[in-house]
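In what follows, chains carry the letters A, B, and so on, assigned in the order in which the sequence lines appear, proteins first and then strands, with residues in each chain numbered from 1.
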Amino acid sequence: MSIHQILTNALNNAISALFQQDISPSMIQFQKTRKEFEGDVTLVVFPFVKISKMGPEQTGEAIGNYLKEHVDQVEAFNVVKGFLNLSISNDYWLNFFKEANSNVNFGFQPADSKPRVMVEYASPNTNKPLHLGHLRNIFLGYSVSEILKANGHSVTKVQIINDRGIHICKSMVAWQKFGNGETPESSGLKGDKLVGKYYVIFDKKYKEEQKELIANGATEEEAAQKAPIMMEAQEMLRQWEAKNPEVYKLWETMNAWVYKGFDATYQTMGVDFDKLYYESDTYLLGRDEVRNGLANGHFFQKEDGSIWVDLTDQGLDQKALLRKDGTAMYITQDIGTAILRFRDFPDTAYQIYTVGNEQEYHFKVLFKVLKKLGFEQGENCYHLSYGMVELPEGKMKSREGTVVDADDIMAEMKNVAQEVAEEQGKLEGLSADEKGDVYHHIGMSALKYFLLKVDPTKNMLFNPKESIDFAGNTGPFIQYTYVRTKAISRKFQENFGELKLADIDASILCKLELSLIQKIYDFPNVLNDAAREYNPSLIANYTYELVKEFNSFYHDYPILREENEGLRSFRVTLSSKVGRVVEQGMGLLGISMVERM
RNA sequence: GAUCUCGUAGCUCAGUUGGAUAGAGCAUCUGCCUUCUAAGCAGACGGUCAGGGGUUCGAAUCCCUUCGGGAUCACCA
């Protein structure tokens, strides 16, 4: 039983014995004792003063005395203002540590012990390469998936690929007109980059044509609609919907280039998916479902033929679901995709959508529509909404060329990792491949940690001029500490053989050792909070605190050089366990650890 | 205009269901490598928690209000 559970039970007895009253769980507030006071666990006594009809000090004394008398693990207490500080016995902490240490998956729930959850992330358009905003999205979605798994959920990782629509037709038109048959092979460009290039060319040409039309007397609106290249793109979209073989073939070819490019990027990122959904496969289903919904009276139709949902009774608006010409909108395909997924994985309790916070309204509508259509899971679906990555000048804008490309930033991180490592010169003896591997993982840890350590819901700032730090509260710092723990284990084995935790007297444990054990004790709660809030930053911050404390310990106390054999084995075990928890924590962020750096 | 969201050290960010003297990193300045990896450790400097009011034993946290950023309010995606 955890010490918090023990104390909670004892406290219930205490209040009933001392004041003849029952208490509600919300009155029990334990917190970690602040460093400046003596003790491990602190009880806030203010909630009890009404019951006790005494001052906070006396109430604290009374409860403290009771707990000390009735709970073996409580060795001493003191009361400061309204705070009851309890000192828990070293024996308790040592026993806890032994138990935690024997479980390599300490803190994790048994796999597949909770309902299936589907997590969607990435979900790119196929007309341009991935950028820094996608990285935040993808790392976030992947990390939340890992966190839910560690909490016992079955998880299906999916994406929706927006492979159809006017945007891809723009790239296709531009390629047809100006591409001269260029391919990824002939140009040496990554497929997604090549297609993105033609998207930019389209945009440039489109702007020129608009300008010309306006110069000839057209209004801005007319110019936007009537520009010849835009009309070509729209015609191509119609041809695509009519399954014109030539257009379809071009579409397939160019999308295939993009997918190959994306796959390379995902691989560098170290993320994957269990199943991919394509908008081109789901938009028609969405259209049918909307029409069914109309037939079943869930929606209504305007005179022009467009189909709408009325959500005014739920505090939202009326919202169009299908255009008057019967073509699908953004939400139409999302309805189709969601329904298809529930059919593919009938045990899915709910879906999590990792999508930027500018689409909060869209998802509110989507979830209510799903419920209207009879999918009760809609009620539990969750929009994992995250803030933008902003540059010092504001938003990233592809038009102004301020987009930070995903491949570029990852390559840069690796380069910086290499520079730092070569300066340090600690990787002698490794092959070039092994070194490259280390650079890659260190660089990625810096990037992932940078993007995941901040609260997902908040906008964050990225300054390309100052490259991401490798010192302080960063991925490499955590890697570094992990490497230290690995080196200790390795050297222990070389010098003393197999590690076996000796029986030691708990009274010899120092404050920092106890503090580290208590930090490990917190891990399951942190993981639980992170899962409940879909918030990887809690894991990042926890791991940072753990690592920081370990470094102090490492600096102040001998570990391998400790002469007392029992204590040495304890310290090496503690170090190794810290390493393991760090590895678990970083794993939850999608960061894989290196053994040397 | 309506709705939502954010505002904490020079910069980037933490800060549990309201709890003790608001914390980290970066930057600047000091110390510490012949000893387990110095990508480290220790210290200094740095705050009207945007402003004002309220709720209470207690407010960065909850409520009201003003100011300032951002987002959403399409038969765009």
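Counting to the nearest Å, the P atom of B:A74 and the NZ atom of A:Lys302 are 11 Å from each other. What separates CD of A:Glu358 from C1' of B:A74 is a distance of 15 Å, to the nearest Å. Look at CZ on A:Phe83: it is 13 Å from P on B:G58, rounded to the nearest Å. Here the C1' atom of nucleotide B:A77 and the CD atom of A:Gln234 are 14 Å apart, to the nearest Å.
Picking from B:A39, B:C41, B:C6 the nucleotide with the shortest atom distance to the side chain of A:Lys458 gives B:C6. Side-chain atoms of A:Phe46 lie closest to B:C57 of the nucleotides B:A71, B:C57, B:A39. Counting only heavy atoms from C-beta on, A:Asn459 has its side chain closest to B:G70 among B:G70, B:C41, B:A20. Here the side chain of A:His555 is nearest to one of B:C13, B:C36, B:C41, namely B:C41. Of the listed nucleotides (B:A14, B:G25, B:A20), B:A20 has the atom at the smallest distance from the side chain of A:Val80. Listed candidates were B:C36, B:G25, B:A71. Nearest to the side chain of A:Arg561 is B:C36. Looking at the side chain of A:Tyr554, the nearest of the listed nucleotides B:G19, B:C36, B:A71 is B:C36. Checking B:G40, B:C36, B:C73 against the side-chain heavy atoms of A:Arg484 singles out B:G40 as nearest. When the nucleotides B:C36, B:C26, B:A77 are ranked by their closest atom to the side chain of A:Ile559, B:C36 comes out on top. Distances from the side chain of A:Ser552 to the nucleotides B:G40, B:C57, B:A42 place B:A42 closest.
At a threshold of 4.0 angstrom between heavy atoms, the contacts of A:Glu562 with the nucleic acid are absent. As judged by a 4.0 angstrom heavy-atom cut-off over every strand, A:Ser306 is placed among the base-contacting residues. Across all strands, A:Glu466 comes closer than 4.0 Å to no nucleic acid atom at all (heavy-atom distances). Within 4.0 Å of A:Met460, counting heavy atoms only, lie sugar-phosphate atoms of the nucleic acid but no base atom. Backbone-only engagement by A:Lys548 is indicated by non-hydrogen atom pairs under 4.0 Å involving sugar-phosphate atoms exclusively. Heavy atoms of A:Phe30 sit nowhere under 4.0 angstrom from any nucleic acid atom.
Between A:Tyr353 and A:Phe367, the gap from one ring centroid to the other is short of 6.0 Å. In this structure, A:Phe470 has its ring center at least 6.0 angstrom away from the ring center of A:Phe477.
No N or O donor and acceptor, one from the side chain of A:Asn551 and one from the base of B:A39, sit under 3.5 Å apart. Between the base of B:A20 and the side chain of A:Thr42 there is a donor-acceptor pair shorter than 3.5 Å.
Annotation: of the two residues near RNA chain B, A:Lys324 and A:Glu533, the 5′-most nearest-nucleotide partner is A:Glu533. Sequence order on RNA chain B of the closest nucleotides to A:Leu538 and A:Tyr544 puts A:Leu538 first from the 5' end.
Looking only at side-chain heavy atoms (C-beta outward), A:Phe570 and A:Glu513 come within less than 4.5 Å of each other.
Side-chain atoms of A:Asp40 and A:Gln518 include a donor-acceptor pair closer than 3.5 Å.
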- Task: Go through the steps for A:Lys435 and A:Gln418 under the test side-chain hydrogen bond (donor to acceptor under 3.5 Å, both in side chains), then give the verdict.
- Result: CA-CA 8 Å; A:Lys435 282 183 186 169; A:Gln418 178 165 3; over 6 Å; no
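Electrostatic pairing of A:Glu241 and A:Arg164 counts as a salt bridge here, judged by a charged N lying under 4.0 Å from a carboxylate O. Salt bridge A:Glu494/A:Lys491: absent, no basic N to carboxylate O contact under 4.0 Å.
Taking 4.0 angstrom as the limit, A:Arg34 places a side-chain polar atom (N or O) nearer than this to OP1 or OP2 of B:G23. Phosphate proximity of B:C73 to A:Lys319: absent, as no side-chain N or O sits under 4.0 Å from OP1 or OP2. At B:C4, none of the side-chain N or O atoms of A:Lys364 fall inside 4.0 Å of OP1 or OP2 (strictly under the cut-off). When the side-chain nitrogen and oxygen atoms of A:Tyr480 are compared with OP1 and OP2 of B:A39, one or more of them lie within a distance under 4.0 Å.
Taking the O4'-C1'-N9-C4 or O4'-C1'-N1-C2 dihedral as appropriate, B:C57 has a value more than 90° from 0 and is therefore anti.
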